[in-house]
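Quick note on labels: first sequence line is chain A, next is B, and so on, each numbered from 1.
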Amino acid sequence: MPRYNPAVIEPKWQKYWETHRTFATPRLPADSKLYVLDMFPYPSGDGLHVGHPEGYTATDIVCRYRRMKGTSVMHPMGWDAFGLPAEQHAKKTGTPPRATTEKNIANFRRQLKMLGFSYDWDRELATTDPDYFRWTQFIFLVLYDTWFDPAARKGRPIAELPIPGEVSGEGPDAVRAYQDDHRLAYQLEAPVNWCPALGTVLANEEVVGGLSERGNHPVVRIPLRQWMLRITSYADRLEQDLDSLDWPESIKSLQRNWIGRSEGAEVDFFIDDETSDDGRPSRERFTDWANERDETGFPRKAGPAVLRVYTTRPDTLFGATYMVIAPEHPFVRRLTQPDQAEAVEDYCEQSARKSDMDRTDLAKEKTGVFTGSYAINPVNGEAIPIWIADYVLISYGTGAIMAVPAHDTRDFEFARKFKIPIVAVVDPGRSELVNREDVLMGRQCSVEDGTAINSGLYNGLTTAEFKAKIAADLSKKGLGRKAVNYKLRDWLFSRQHFWGEPFPILHELDKSGKPTGRLRTVPVDQLPLDLPKEMKFDAAHDSPEPPLEKAPEDWLYVTLDRKRYKRETNTMPQWAGSCWYYLRFLDPKNGAALVDPAVEKAWMPVDLYVGGAEHAVLHLLYARFWHKVLFDRGYVSTDEPFQKLVNQGMILGEMEFTGYRDAAGRWVGADRIGDAADGGLIDKTSGQPITPVKIEPDAVEKRGEAFVLAAEPSVRIDSRAYKMSKSRGNVVNPDQVVADFGADSLRLYEMFMGPLEAVKPWSMDGVSGVHGFLNRVWRMIVDERAEEIVLNDAVQDIEPEDEPNRVLHKTIKAVTDDLEQMAFNTAIARMMEFTNYFLKQDARPRAAMEKLVLLLSPFAPHMAEELWSLLGHDKTLAFEPWPEYDEAAVRDDVVEVPVQIQGKLRAKILVPADADRDALVAAAKANDRIAELLAGKKIVKEIVVPGRMVNFVVK
RNA sequence: GCCGGAGUGGCGGAAUGGCAGACGCGCUGGACUCAAAAUCCAGUGGGCUUCGGUCCAUGAGGGUUCAAGUCCCUCCUCCGGUACCA
């Protein structure tokens, strides 16, 4: 077998690593440590696609490199194995989800092992293992047992929650309710996305534009008892602590955006708690109220006499010409005057029926209805009408706003439509964005900062000054206060699925079997709480209640201390298991704790976390949230889990050319194609429907900026690579690539395609290109013509001459530097250059070949091990010291330096590498061509960068 | 709309402000072969060229600089995220 044959050497070395436990990681790091983590995959039935090994190869290279540098490396792999597909498969076929899951895991494991990753497989775990989710349940109980202390800005045990006197006076049930109100895990009637067609409830992220992400079925919102996690308590810390992380700025900004912190003020508008016939609060009572507020200050909870709003622009208070409350606002009924009752009821019912999609669809056209009531603006005592409109969301701020149409685009649209007065209170001054006259006249909306007008004593202040002053004034008078709001909502943590972690929660039942509302947690020593083994799976449910409602009675009902309980039947979302798996990897078999604190302290935080950008927000935010709670409660030693994050770019399918034809089969240029309303394509000029046609690459040529049909150059063609998908048929299967080229070629190609973070199209020709490189490395060292694997005659025990030595050391330096920066594509290019050079040499110093094999080993470990053993070594190279380069050997004796005149390249000269300014100028002037061009000119300036370039500026 | 990211040969891509296009693919020509594959050698951004060169060229336009793919301003296109968050 003299030829490079990955089909033989790859399994051979995989077996070697496995039997020698080469990559088993010690319990504690020896000296320096590195924790490198891949986002573990969901083991789908489709198996691995080529996107997975991209990140996995990158981390594997880093790990193998750092092991050779003497670092203790933690590099585990596991399975994010709960998930809806296995459950839906069960509904279709009756196969239990666990069986499907185990089968899929086995396939994924086989595929990953086939790629030669240096995971410590002893640490493998799946989120579906009872031994694992035992601790997921445990962490839920920690969340349940924690309240957030705003003063200390941290989570504390619920037992430490101070109970106000008036609550404790009401008895134990009131105390319990008060505690439940403060727990990080709490229950809520919340609308769920019920999809009748799928017979299941979907998570918000599974609903796209009002339709299910899978299958595009309609989704309706109905209320259901849910578990929520109070992630909003941690919003501030989640935002601020981003600063300390070595993450891509784009991901940080995505998270900041998602958290959506805004600063403003809460202001109370008087509405009176007694109704009047005309819907207007009484003047006297307003004055009394204001006087009272002046003494008592701003209360924590808004009473019934006021409508509390949140605004980021308290400086526009004088411009508030109406108020809006959300249709779900608790005051809707109260504020509705009898003659408006019917209209209000209709409107609220309508908007309740609207799905998210409808609300989005109608985003352009504002709707609303007048309540008939008025509120009094605290700054000027004016009564302004209160409207109901669904452009105000109940879930943000206080669910009510003061509307300032002159300075808010949404309010402006609404005011225009309903003919509400528009009063400008900010003079934008001279602005390019708006017409000042129009703004002052209320004909145009301006959200810019400026100078206050129409604002009484505040006139003339800048927006910033005004904001500061009014906040202080309102606060002094007890009418308002500074406030911070977040777009982030609490996390809806329950799912109406079978295949997820059961909650360790029991609902107490009364004698008649009805829930009393009292909860009890499953004792920690009784965890894990496994799913019922015997379950029938219906094809679909006809109601959104959780499947576990149909669990066997002996699972569902529990008697403890002579009380009867029913188990919680919701299960946890898939995110739960992935929120803390990085901790369990450190101590996967620990039966006494989720992780041994000594082990946790030694290995955490994760030093490098690599995964797809699709998890930029949810997974990474949820995991950080849990981690902070665990940190507050003393289970972990760091306040952030993932120090450095890298997102690998998506791998697209091969480049495709697409032409377009109309119904008659005539070609239509790509520049004329537009999207039709029904999702199809149309000819923008004629409106005719268009069919896309795939074009073979040889039928295409480039004309100027665009691609055209070679046979018909007037027809423009689209050229782009598409996301891999089954429906498009452009999915590349790693099994096939490995069968055709070997794992080392696949790994190498994935890294050679381009920068890790970039989105890049796949190319089979590219795989074959790096395969050719590996063949050349093989031939550089192995005698291909021999019967046995023996060294190439050119490989000799000789001292390298100057030039080969320089090539070697430059390669070591370049590859090492590139690895430090995770610039794998250029590292590979440098090894290609090395190979191209040494293939031309008849004598190849054995030492140089050995160094190259070591450099190559993180990238193509199987071939490297094979060559290493051929070069006479009897153990794995995984722990051989990483080659060092000699600074002196890297330096060139003679360098070629460009000589420019007026910044234009005119000649190149060869000079000693250490030539100084004068020597360089002299050498440049001595050049025939330069001398000729300089003749008769006056040199104004000589710019010299030693070793780099010379530039003459002449007149 | 808003927030990110990106536009460099036929393609993937490379370039601490200092020789644009490293490396690979593809293509062209040649060697080997009866032939093909594989392999090897040479060439390969475009225009003009007396083959010495020379001009143009990193999405478009402007600017800073001796020097700009790289820095600044304006704009265009594509990709990703997000969307009534007051």
Sugar-phosphate only, base, or nothing, as touched by [X] at under 4.0 Å among non-hydrogen atoms:
{"X": "A:G769", "answer": "sugar-phosphate"}
{"X": "A:E249", "answer": "nothing"}
{"X": "A:S262", "answer": "sugar-phosphate"}
{"X": "A:L254", "answer": "sugar-phosphate"}
{"X": "A:V945", "answer": "base"}
{"X": "A:Q900", "answer": "base"}
{"X": "A:R261", "answer": "nothing"}
{"X": "A:R256", "answer": "nothing"}
{"X": "A:S763", "answer": "nothing"}
{"X": "A:N825", "answer": "sugar-phosphate"}
{"X": "A:R779", "answer": "sugar-phosphate"}

Looking only at atom [atom1], what distance separates [N] and [M], rounded to whole Å?
{"N": "B:rU16", "M": "B:rG7", "atom1": "C1'", "result": "23 Å"}
{"N": "B:rG9", "M": "B:rG17", "atom1": "C1'", "result": "24 Å"}
{"N": "B:rG26", "M": "B:rA20", "atom1": "P", "result": "28 Å"}
{"N": "B:rG24", "M": "B:rA14", "atom1": "C1'", "result": "11 Å"}
{"N": "B:rG21", "M": "B:rA31", "atom1": "P", "result": "31 Å"}
{"N": "B:rU65", "M": "B:rU82", "atom1": "C1'", "result": "40 Å"}
{"N": "B:rC41", "M": "B:rG5", "atom1": "P", "result": "43 Å"}
{"N": "B:rC75", "M": "B:rG1", "atom1": "P", "result": "12 Å"}

- Would you mind calling B:rG52 syn or anti? Take O4'-C1'-N9-C4 for purines or O4'-C1'-N1-C2 for pyrimidines, and syn is within 90° of 0. syn

- Using a 90° cut-off around 0 for syn, call B:rG29 syn or anti.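 The base of B:rG29 is oriented anti (glycosidic angle more than 90° from 0).
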
Could you work out which one of [options] sits closest to the side chain of [X]?
{"X": "A:P755", "options": "B:rC84, B:rA22, B:rG13", "answer": "B:rG13"}
{"X": "A:F707", "options": "B:rC66, B:rG10, B:rA15", "answer": "B:rG10"}
{"X": "A:M832", "options": "B:rC23, B:rA22, B:rG18", "answer": "B:rC23"}
{"X": "A:Y396", "options": "B:rC40, B:rA86, B:rG12", "answer": "B:rA86"}
{"X": "A:Y310", "options": "B:rC19, B:rA86, B:rC66", "answer": "B:rA86"}
{"X": "A:F752", "options": "B:rC84, B:rG12, B:rG26", "answer": "B:rG12"}
{"X": "A:T826", "options": "B:rA15, B:rC40, B:rC3", "answer": "B:rA15"}
{"X": "A:P898", "options": "B:rC84, B:rA86, B:rC19", "answer": "B:rC19"}

- Task: Determine whether the side chains of A:T811 and A:Y837 contain a donor N or O and an acceptor N or O closer than 3.5 Å.
- Result: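 There is no such pair (donor and acceptor under 3.5 Å, judged by atom type) between the side chains of A:T811 and A:Y837.
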
- Could you tell me whether the side chains of A:T232 and A:D490 share a donor-acceptor contact shorter than 3.5 Å?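 Yes - a donor-acceptor pair under 3.5 Å links their side chains.
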
Below 4.0 angstrom from OP1 or OP2 of [N], is there any side-chain N or O of [X]?
{"X": "A:K904", "N": "B:rA68", "answer": "no"}
{"X": "A:R948", "N": "B:rU16", "answer": "no"}
{"X": "A:N836", "N": "B:rG24", "answer": "yes"}
{"X": "A:R929", "N": "B:rG53", "answer": "no"}

- Note on the structure: Taking for A:I251 and for A:F657 the nucleotide of RNA chain B with the nearest heavy atom, the one nearer the 5' end belongs to A:I251

- Task: Specify the residue among A:R906 and A:L839 whose closest nucleotide of RNA chain B lies further upstream toward the 5′ end.
- Result: A:L839

- Message: I want to check a possible cation-pi pair here: A:K366 against A:Y391, using under 6.0 Å from ring centre and within 45° of the ring axis as the test.
- Response: yes

- Checking ring pair (Phe, Tyr, Trp, His ring centres under 6.0 Å) for the pair A:Y749/A:F741: CA distance, chi angles, key distance, verdict? CA-CA 10 Å; A:Y749 175 65; A:F741 299 100; 9.3 Å; no

- Note on the structure: Minimal heavy-atom distance between A:D892 and A:A913, with the atoms involved, is O-CB, 2.9 Å

- Item | Closest approach of A:M949 to A:Q900 (non-hydrogen atoms, all atoms of both residues) |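 What the structure gives for the nearest pair is CE-OE1, 3.4 Å.
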
Nucleotide forming a Watson-Crick or wobble pair with [N], both distances under 3.5 Å:
{"N": "B:rU58", "value": "none"}
{"N": "B:rU77", "value": "B:rA6"}
{"N": "B:rC84", "value": "none"}

- Message: I'd like to check A:E448 versus A:V426 (side-chain heavy atoms, cut-off strictly below 4.5 Å). Are they in contact?
- Response: no

- Message: With a 3.5 Å cut-off and heavy atoms only, can you find an N or O donor on one side and an acceptor on the other between the side chain of A:K941 and the base of B:rC66?
- Response: no

- Is there a donor and acceptor pair closer than 3.5 Å between the side chain of A:N951 and the base of B:rC66? yes

- Message: Is it true that, when you exclude A:K937 itself, more than 12 heavy atoms of the residues, nucleotides or ligands shown sit nearer than 6.0 Å to its NZ?
- Response: no

